[in-house]
There are 2 protein chains.
Amino acid sequence: MGPPWWQAKFRGCGYRITIAREVILNTLAKTEDHLSAEDIYNHIHTKHPNIGLTTIYRTLDVLTNLGLVYRFDFGDKRARYELAEGPKGAHHHHHLVCTGCNRVVDYTDFIDAEVRLLQEIEQVLSKKYGFKITNHLIQFYGLCSRCQADG
Amino acid sequence: MGPPWWQAKFRGCGYRITIAREVILNTLAKTEDHLSAEDIYNHIHTKHPNIGLTTIYRTLDVLTNLGLVYRFDFGDKRARYELAEGPKGAHHHHHLVCTGCNRVVDYTDFIDAEVRLLQEIEQVLSKKYGFKITNHLIQFYGLCSRCQADG
DNA sequence: AACTTTGTTGAAAATCGTTTCCATTTGAAA
DNA sequence: TTTCAAATGGAAACGATTTTCAACAAAGTT
Ligand SMILES: [Mn+2]
Ligand SMILES: [Mn+2]
Ligand SMILES: [Zn+2]
Ligand SMILES: [Zn+2]
């Protein structure tokens with residue numbers, strides 16, 4: 001099945017391929033969640049006690065700069081990460097965040113309509129404000145059913 | 001002209017009206033910028049050397065909880081604040097953020113179309129995921145003209 | 001105006017996610 | 001292998017925000 005899909009991008013940018021990087025990327029690839037650096041450390045630590053938290057932070061920076069990973073702020077005080085594109089390619093989505101328990105739901109409903117409007121807006125804003133727009137962020141905040149019940 | 005517009009809301013929630021709170025609110029009311037706690041401290045400090053940074057953090061919490069102020073994260077590592085509604089009422093807008101210099105631009109272009117779509121989406125998501133949605137966040141990221149030039 | 005209650009304040013210390021330092025290790029090119 | 005810059009881990013530093021706590025003051029009551 002050839003070399004893992006991400007290694008080309010890695011080499012192309014002069015980055016080395018290391019166990020730590022492979023393990024971290026695989027951890028993100030396997031989960032549905034939006035993991036923090038420490039989450040990843042905990043997931044990994046039993047099998048790889050020699051990978052330090054510092055390396056995880058550094059690797060997440062690299063991955064983010066390469067565009068392989070997105071970094072999010074959901075309002076708890078730590079950065080959270082998710083894979084931007086997997087072996088199967090990207091599946092663009094936006095987020096629904098519970099302000100009660102910090103649960104995060106991916107949704108793709110209306111994504112097409114959203115993205116269509118966003119592109120229209122980007123065009124206008126680019127021209128009007130002289131920005132070169134590279135990215136957007138859409139999040140909805142509210143209370144999940146569980147947190148509504150807890151009142 | 002009667003008592004300042006915000007005092008009613010304050011009293012109603014059992015909060016006291018203090019000089020610090022008045023000064024902080026006025027600072028936010030007078031600026032076009034998105035100030036951080038320290039920004040506000042600096043704006044205020046000459047005229048009110050007795051107002052401490054801690055009080056500013058605490059006041060911003062109160063104001064945010066009252067809904068008088070919005071708290072934002074624009075990617076530099078500090079929270080930034082803006083008035084939610086002034087004497088003249090709110091003017092809903094979204095943000096364009098330069099990832100080079102952290103400049104933030106308010107825009108209202110397409111706001112109606114955005115909000116219309118957002119409301120539609122909120123309805124669907126509320127039902128589908130059982131969330132009670134209270135809020136949304138839309139931001140565009142890119143490079144401002146100055147930062148594009150610096151290349 | 002003095003008294004009382006209880007929210008508010010400032011300064012210093014604590015917190016905690018993240019970054020930096022630096023001596024050591026390792027990937028990969030030759 | 002040899003070589004050398006890139007990568008690593010652990011400890012220390014950082015920096016925005018929060019907590020602690022004794023002193024203070026807003027607003028209601030007498
Ligand atoms: Mn997601
Ligand atoms: Mn704004
Ligand atoms: Zn919840
Ligand atoms: Zn800029």
Side-chain angles (χ1 to χ4, degrees), chain A residues 3-4 6-25 27 34-66 68-69 71-81 102, chain B residues 3-4 6-25 27 34-66 68-69 71-81 102:
Chain A
W6 49 273
Q7 300 203 351
K9 201 162 202 173
F10 249 78
R11 287 208 156 76
C13 295
Y15 289 117
R16 291 177 179 174
I17 285 144
T18 68
I19 298 167
R21 287 169 176 179
E22 185 163 1
V23 169
I24 292 168
L25 209 38
T27 303
H34 305 84
L35 302 177
S36 67
E38 200 181 0
D39 288 341
I40 295 173
Y41 179 84
N42 293 333
H43 275 235
I44 286 177
H45 188 255
T46 313
K47 284 212 165 175
H48 299 273
N50 47 324
I51 296 180
L53 185 53
T54 307
T55 294
I56 300 193
Y57 276 107
R58 276 187 295 229
T59 299
L60 288 170
D61 275 354
V62 170
L63 294 174
T64 303
N65 291 336
L66 284 177
L68 293 175
V69 155
R71 185 201 313 264
F72 288 100
D73 164 40
F74 293 129
D76 60 349
K77 315 263 183 168
R78 64 205 64 211
R80 297 193 164 274
Y81 299 84
N102 291 311
Chain B
W6 49 273
Q7 300 202 350
K9 202 162 201 171
F10 248 79
R11 287 196 209 284
C13 295
Y15 290 117
R16 290 178 182 176
I17 286 145
T18 68
I19 298 167
R21 287 168 177 179
E22 185 164 3
V23 169
I24 292 168
L25 209 38
T27 302
H34 305 83
L35 302 177
S36 68
E38 200 181 1
D39 287 341
I40 295 174
Y41 179 82
N42 293 333
H43 274 236
I44 285 177
H45 189 256
T46 313
K47 284 213 165 175
H48 299 274
N50 47 324
I51 296 179
L53 185 54
T54 309
T55 294
I56 300 194
Y57 276 107
R58 276 187 295 227
T59 299
L60 288 169
D61 275 355
V62 170
L63 294 175
T64 303
N65 291 336
L66 285 177
L68 293 175
V69 156
R71 185 200 314 263
F72 288 100
D73 163 40
F74 293 129
D76 59 350
K77 315 262 183 169
R78 64 206 62 209
R80 297 192 164 274
Y81 300 84
N102 291 311

Worksheet item: Can you name the nearest heavy-atom pair linking Ile24(A) to Ile56(A), along with the distance?
Response: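 Heavy-atom minimum between the residues: CD1-CA, 3.8 Å.
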
Fill in: Shortest non-hydrogen contact between Leu53(A) and Ala37(A), atoms and distance
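Reported closest heavy-atom pair: CD1-O, 3.9 Å.
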
Worksheet entry | Neighbours of DNA chain D within residues 10-19 of chain A, by heavy-atom distance under 4.0 Å | Tyr15(A), Arg16(A), Thr18(A)

Worksheet entry | Mutual orientation of the aromatic rings belonging to Phe74(A) and Phe72(A) [parallel < 30°, tilted 30-60°, perpendicular > 60°] | parallel

Quickly work out the [X] [atom1] to [N] [atom2] distance and round it to whole Å.
{"X": "Asn50(A)", "N": "dA7(D)", "atom1": "CG", "atom2": "P", "value": "17 Å"}
{"X": "Ile56(B)", "N": "dA16(D)", "atom1": "CD1", "atom2": "P", "value": "14 Å"}
{"X": "Leu63(A)", "N": "dA7(D)", "atom1": "CG", "atom2": "C1'", "value": "14 Å"}
{"X": "Gln7(B)", "N": "dA26(D)", "atom1": "CD", "atom2": "C1'", "value": "12 Å"}
{"X": "Ile51(B)", "N": "dA25(D)", "atom1": "CD1", "atom2": "P", "value": "13 Å"}
{"X": "Asp76(A)", "N": "dT17(D)", "atom1": "CG", "atom2": "P", "value": "15 Å"}
{"X": "Glu22(A)", "N": "dG27(C)", "atom1": "CD", "atom2": "C1'", "value": "13 Å"}
{"X": "Asp39(A)", "N": "dG17(C)", "atom1": "CG", "atom2": "P", "value": "11 Å"}

Worksheet item: Of all residues at least two apart in sequence or in a different chain, which pass the side-chain hydrogen bond (donor to acceptor under 3.5 Å, both in side chains) check with Arg80(A)?
Response: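 For Arg80(A) the side-chain hydrogen bond (donor to acceptor under 3.5 Å, both in side chains) partners, ignoring immediate neighbours, are Asp39(A), Asp76(A).
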
Practice prompt. Report the residues that fulfil side-chain hydrogen bond (donor to acceptor under 3.5 Å, both in side chains) with Arg78(A), sequence neighbours left out, ordered by chain and then residue number.
Written response: none

Worksheet item: With a 4.5 Å limit on heavy-atom distance, are the side chains of Leu60(B) and Ile40(B) in contact?
Response: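 SC-SC contact between Leu60(B) and Ile40(B) confirmed.
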
Worksheet item: Any side-chain heavy atom of Leu63(B) within less than 4.5 Å of one from Trp6(B)?
Response: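 No, every pair of side-chain atoms sits at 4.5 Å or beyond.
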
Worksheet item: Among dA16(D), dA7(D), dT9(C), which is the nearest nucleotide to the side chain of Arg21(A)?
Response: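 Output: dA7(D).
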
Discussion item. Heavy atoms from C-beta onward define the side chain here; which of dA7(D), dG17(C), dT9(C) lies closest to that of Ala20(B)?
Written reply: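 Shortest atom-to-atom distance from the side chain points to dT9(C).
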
Below 3.5 Å is the cut-off: list the nitrogen or oxygen pairs between protein and nucleotides 19-25 of chain C, distance only.
unit_1, atom_1, unit_2, atom_2, d
dT19(C), OP1, Lys77(B), NZ, 3.2

Discussion item. My understanding is that only residues two or more places apart in sequence, or in another chain, count here; which of them pass salt bridge (charged side-chain N to carboxylate O under 4.0 Å, His left out) with Asp61(B)?
Written reply: Arg71(B)

Practice prompt. Sort and list the pairs that fulfil ring-ring contact (aromatic ring centres under 6.0 Å, His included) and have at least one residue in residues 37-58 of chain B, not counting sequence neighbours.
Written response: Tyr41(B)-His45(B)

